[in-house]
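Each remark here refers to the structure printed beneath this line.
From a predicted model like this one, the values you see are computed outputs, not experimental measurements. Side chains included, hydrogens not; waters and symmetry mates left out as well; all remaining heavy atoms used.
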Amino acid sequence: HETIRVKSGAWEDNGVLIYTTLNHIKYVLPNGDSGIIRTLDKPIYLTKVQGSSVYCLDRQCKTGIMAIDPTEYNFKLALVKRDYDEVLHMVRNSKLPGQSIIAYLQQKGYPEVALHFVKDQ
């Protein structure tokens, strides 16, 4: 549930909604889980999301491309889709924010994945 007005949104190729508020770029997974991707210095309006790039307009209608890190929402999406090969690949090869990901795994009922993540640190 978003308490600040949504400024814009665009669908990412894997079915994740990426949207902006006044101060953030955020995501919503198909199952309703959401999170913050990054903080913004100024409001932007999304026009397209592709990979780790966000295409946008600012309030002066200047176009821009902003880099984002899709690792967190791609990891959570792989969990939702039960794509455990991808989950383990990401655990081994990505720089996931440790404590928050472990807490998420435990909260969502994936303690075996959380244990694997801790072992690989």
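For the pair Lys26 and Ile37, the minimum side-chain heavy-atom distance is 4.5 Å or more.
For the atom pair SG of Cys56 and NZ of Lys62, the computed distance is 12.5 Å after rounding to the nearest 0.5 Å. Interatomic distance, Ile25 CD1 to Lys7 NZ, rounded to the nearest 0.5 Å: 14.5 Å. We find the CG-CZ distance between Leu105 and Phe75 to be 4.5 Å, quoted to the nearest 0.5 Å. Atom CG in Asp83 sits 11.0 Å away from atom CG in Asn74 (nearest 0.5 Å). Atom CD of Gln50 and atom OG of Ser52 lie 9.5 Å apart (nearest 0.5 Å). Within the model, atoms CE of Met66 and CD1 of Ile44 stand 4.0 Å from one another, a figure rounded to the nearest 0.5 Å.
When all heavy atoms are compared, the tightest approach of Leu46 to Gly9 is CD1-CA, 4.1 Å. Here the closest non-hydrogen pair linking Ala10 and Leu17 is O-CD1, 3.7 Å. Between Ile68 and Ser53, the closest heavy-atom pair is CG1-N, 4.4 Å.
Looking only at distances, a side-chain donor or acceptor of Arg38 sits under 3.5 Å from a matching main-chain atom of Ala67. In this structure, Ser34 contributes its side chain and Val28 its backbone to no donor-acceptor pair below 3.5 Å. Between the side chain of Asn14 and the backbone N or O of Val16, no donor-acceptor pair lies under 3.5 Å. A side-chain donor-acceptor contact under 3.5 Å links Asn93 to the backbone of His89. Judged by distance alone, the side chain of Thr63 and the main-chain N or O of Leu57 form no donor-acceptor pair under 3.5 Å.
When only modelled atom types and interatomic distance are considered, Glu12 and Tyr27 share no side-chain donor-acceptor pair under 3.5 Å. For the residue pair Tyr104/Asp33, the side-chain donor-acceptor check at 3.5 Å is satisfied.
Under a hydrophobic clustering in which Ile, Leu, Val, Met, Phe, Trp and Tyr are joined whenever their side-chain heavy atoms come within less than 4.5 Å, directly or via other members, Met90 and Tyr110 fall into the same cluster. Residues Leu29 and Val54 share a single hydrophobic cluster, defined by chaining ILVMFWY side chains whose heavy atoms lie under 4.5 Å apart. One hydrophobic cluster, built from ILVMFWY side chains closer than 4.5 Å, holds both Tyr73 and Leu40.
When hydrophobic side chains of Ile, Leu, Val, Met, Phe, Trp and Tyr are connected at separations under 4.5 Å, Ile36 ends up as a singleton with no cluster partners.
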